[in-house]
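Taking it in order: structure first as structure tokens, then the write-up.
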Amino acid sequence: MVFCSKIDAFFVNFIMIAILLLGLASFWPLFFFNKIDLFPFLLLTCTFLIPAGVILWSAFSIKYVYYQDFLLVQGGPYKSRILYEDITEITSSNNISSGYRILSSRDAIEIYSKQAFWGSVMISPMCKREFINELKKRCPNMKIRE
């Protein structure tokens, strides 16, 4: 079973501002020269496109996949496998400024696990109730705090 991440306007605006700042930083040297050669232009374009591509891929391809033994949390090249037996509790959260997170919305769930990178991972599934109900089926011993 696959759940996509909820995407809110705050997150989209944040990513677009980051891409704009990256573009300004990457192409800033072009403003100081009257004539631009092809090689420097291509180099500056690559310094913009590669990081921008990774940011966009990581931000807008987030999904949460239920497998038989674990939950896979994936956003671009970043992946986390959370074994169901290691999940201790879940809580609702809107504090996305700290911790390990693979999400795209402030309406988030924090999953506490024995093996998680910083003790927990924050996610933002689109169908939050359905996601929690499915997780309850696979982790009957976990605590749910709302």
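- In the hydrophobic clustering of ILVMFWY residues, with side-chain heavy atoms under 4.5 Å counting as a link, Y66 and I102 come out together.
- The line from CD1 of I87 to OG of S113 is 6.0 Å long, rounded to the nearest 0.5 Å.
- The two residues P29 and A25 make their nearest non-hydrogen contact at CD-O, 4.1 Å.
- Between I111 atom CD1 and I109 atom CD1 the span is 6.5 Å, to the nearest 0.5 Å.
- In the hydrophobic cluster analysis, where Ile, Leu, Val, Met, Phe, Trp and Tyr join through side-chain heavy atoms closer than 4.5 angstrom, I144 is grouped together with I82.
- For the atom pair F3 CZ and K128 NZ, the distance stands at 13.5 Å (nearest 0.5 Å).
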Name every donor-acceptor pair, under 3.5 Å, that has one atom in a side chain of residues 8-24 and the other anywhere in the protein, sequence neighbours excluded.
residue, atom, partner, partner atom, Å
D8, OD1, F11, N, 3.0
D8, OD2, R106, N, 3.0
N13, ND2, A9, O, 3.2

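- Ring centers of F48 and F27: under 6.0 Å apart, within the cut-off.
- Distance check, rounded to the nearest 0.5 Å: NZ of K63 to NZ of K79 gives 8.5 Å.
- Between the side chain of Y84 and the backbone N or O of Y67 there is at least one donor-acceptor pair closer than 3.5 Å.
- A distance-only check finds no donor-acceptor pair linking the side chain of S61 to the backbone of G75 [under 3.5 Å].
- Contact record, S5 with Y64: OG-OH, 3.4 Å, taken as the closest heavy-atom pair.
- Between A108 and S105, the closest heavy-atom pair is CB-O, 4.3 Å.
- Judged by distance alone, with hydrogens and angles left aside, the side-chain atoms of Y112 form no donor-acceptor pair with the main-chain N or O of I90 at under 3.5 Å.
- To the nearest 0.5 angstrom, E130 atom CD is 7.5 Å from M1 atom CE.
- The two residues L44 and S26 make their nearest non-hydrogen contact at CD2-O, 3.1 Å.
- Residues S104 and S124 approach most closely at N-OG, 3.1 Å, considering heavy atoms.
- Under the 4.5 Å side-chain heavy-atom criterion for ILVMFWY residues, a single connected hydrophobic cluster contains both I123 and I132.
- What you find for K136 and M142 is that their closest heavy atoms are N-CE, 3.8 Å.
- Rounding to the nearest 0.5 Å places CG of L42 at 10.0 Å from CG of L49.
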